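The structure under discussion appears below in the form of structure tokens.
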Amino acid sequence: MEATAIEFNKNEFQQDLIRWFAAEKRDLPWRRTADPYQIWISEIMLQQTRVDTVIPYYTRFVEKFPTLYDLAEADEEVLLKQWEGLGYYSRARNLQAGVQEVAEKYGGIVPSNRKDISSLKGVGPYTAGAVLSIAYGVPEHAVDGNVMRVLSRILLIEEDIAKPKTRKIFEEAVMEIISHEDPSSFNQGLMELGALICTPTSPKCLLCPVREHCAAFHEGKQHELPIKTKAKKTKATQYAMLAIEKEDKVLLEKRPSSGLLANMWQFPMLEVTAETLPLEIEEQLSESFAGEVQSVEKFTSFKHVFSHLTWNVDAYTAKAGNLTLPAQMRWVTAEELELLPIAGPAQKMKTALLQKGDV
DNA sequence: GAAACGTGGTG
DNA sequence: TCACCAAGTTT
């Protein structure tokens, strides 16, 4: 005889979840505002990013750009500098584009319906639902990784959450069970539960406020859910990165406006084979710059792992005479180095250079 | 639908 | 060291 499935009582579930959220929720900076613009910022920053990482960025960001118009009018370089180190830099540029559209098309008021808010750059199905429910109290789904994990356990949903189409199943589930009295606390409660109790490994079921509603707990399957297929490993590439110096300046270049680390600054790089020697680097540089680059010396190495690729970098110093620079390159002083948005491996290079005492 | 897109923390 | 993750969106 199989154990009988538990009955899911929607009203009691909502009540238990919302009561728990009210009592146990963390005191986070974006929970102290009702401004849809600031809540929007927090939701963008929190995409694929830990709460503890976001907090200082969020605080600085809303101080720097207190209103939607401050961000709409900001210089992109200043914006990217604020985002430096947070990752996924297109989020920042998309956010600004979205904010500009709200300024121009919606009179500065963040839209309060799914269709309009979803049309904004960088606002996908999750962010739309999060801003709508949290800022405006609209009963809309906001399905992120937490929600899929939590609901896969509570409702015993055994679909692969790594597949894009699976999200729809969870969106429909949320619309079935969301509280219409307090959609904000309901959605945030689901996410907070995922962050604090219903964690990926070793969920704290004995502390869970809704365990009596949980089908997986009832069947002892909480460790088997959610179902999630594995990601594959990243490919590695070898680069030589150059700190080319002239007097008290160093050469930087701005990356292209699309793709990896778009519009961020870096030190000039060459893709190389594993055993490229300084002399060969010097030859390649001479070709690139028409001579005038000397004394290439290796000074450190490091590895940088992106989400989908790995760069193994050998860092070199070099001296330069009069170079004819391509448009995207610039000589910068130590002061300017601090003002430009630099990310990824170039950030490691910068740190190493400053430690070395050059520049 | 798969792949691109960052970074730092954790077991 | 390494896999896996963390409040996803765009192409």
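First the proteins, then the strands, lettered A, B, ... as listed; each starts at 1. Everything numeric here is computed off the predicted structure, so don't read it as measured data.
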Under 3.5 Å, side-chain donor or acceptor atoms of residues 101-112 of chain A against the rest of the protein: list the pairs with distances, not counting sequence neighbours.
none

Legend entry - Residues from residues 23-41 of chain A lying under 4.0 Å of DNA chain C - heavy atoms: A:R26, A:L28, A:W30, A:R31
Inset, instruction - Could you list all the side chain to side chain donor-acceptor pair (under 3.5 Å) pairs where at least one residue sits in residues 6-18 of chain A, not counting sequence neighbours? - result: A:Q15-A:R19, A:D16-A:H213
Legend entry - Qualifying side chain to side chain donor-acceptor pair (under 3.5 Å) pairs with a residue from residues 220-231 of chain A, counting only residues at least two apart or across chains: A:D160-A:T229
Show me the side-chain donor-acceptor pairs of residues 254-267 of chain A shorter than 3.5 Å, one per line, residues at least two apart or across chains.
from, atom 1, to, atom 2, distance (Å)
A:R255, NE, A:L260, O, 3.0
A:R255, NH2, A:L260, O, 2.9
A:N263, ND2, A:E76, OE1, 2.7
A:W265, NE1, A:E77, OE1, 3.1

Legend entry - Positions of residues 119-132 of chain A (non-hydrogen atom under 4.0 Å from DNA chain C), listed by number: A:K121, A:G122, A:V123, A:G124, A:P125, A:Y126, A:T127
Inset, instruction - Return the residues of residues 258-267 of chain A meeting this criterion: a heavy atom under 4.0 Å from some atom of DNA chain B. Order them by number, or give none. - result: A:G259, A:L260, A:L261
Legend entry - Sequence-distant partners of A:K350, salt bridge (Lys or Arg N to Asp or Glu O under 4.0 Å), two or more places apart: A:E338
Legend entry - Strand contacts (DNA chain B) in residues 77-96 of chain A, 4.0 angstrom heavy-atom criterion: A:G85, A:L86, A:G87, A:Y88, A:Y89
Inset, instruction - Identify, residue by residue, the members of residues 184-208 of chain A with a heavy atom below 4.0 Å from DNA chain C, and return them in order of residue number, or none. - result: A:M191, A:P200
Inset, instruction - Kindly state each residue pair satisfying ring-ring contact (aromatic ring centres under 6.0 Å, His included) with at least one member in residues 317-352 of chain A, sequence neighbours excluded. - result: none
Inset, instruction - Specify the residues of residues 51-66 of chain A, ordered by number, for which at least one heavy atom lies under 4.0 angstrom from an atom of DNA chain C. - result: A:V51
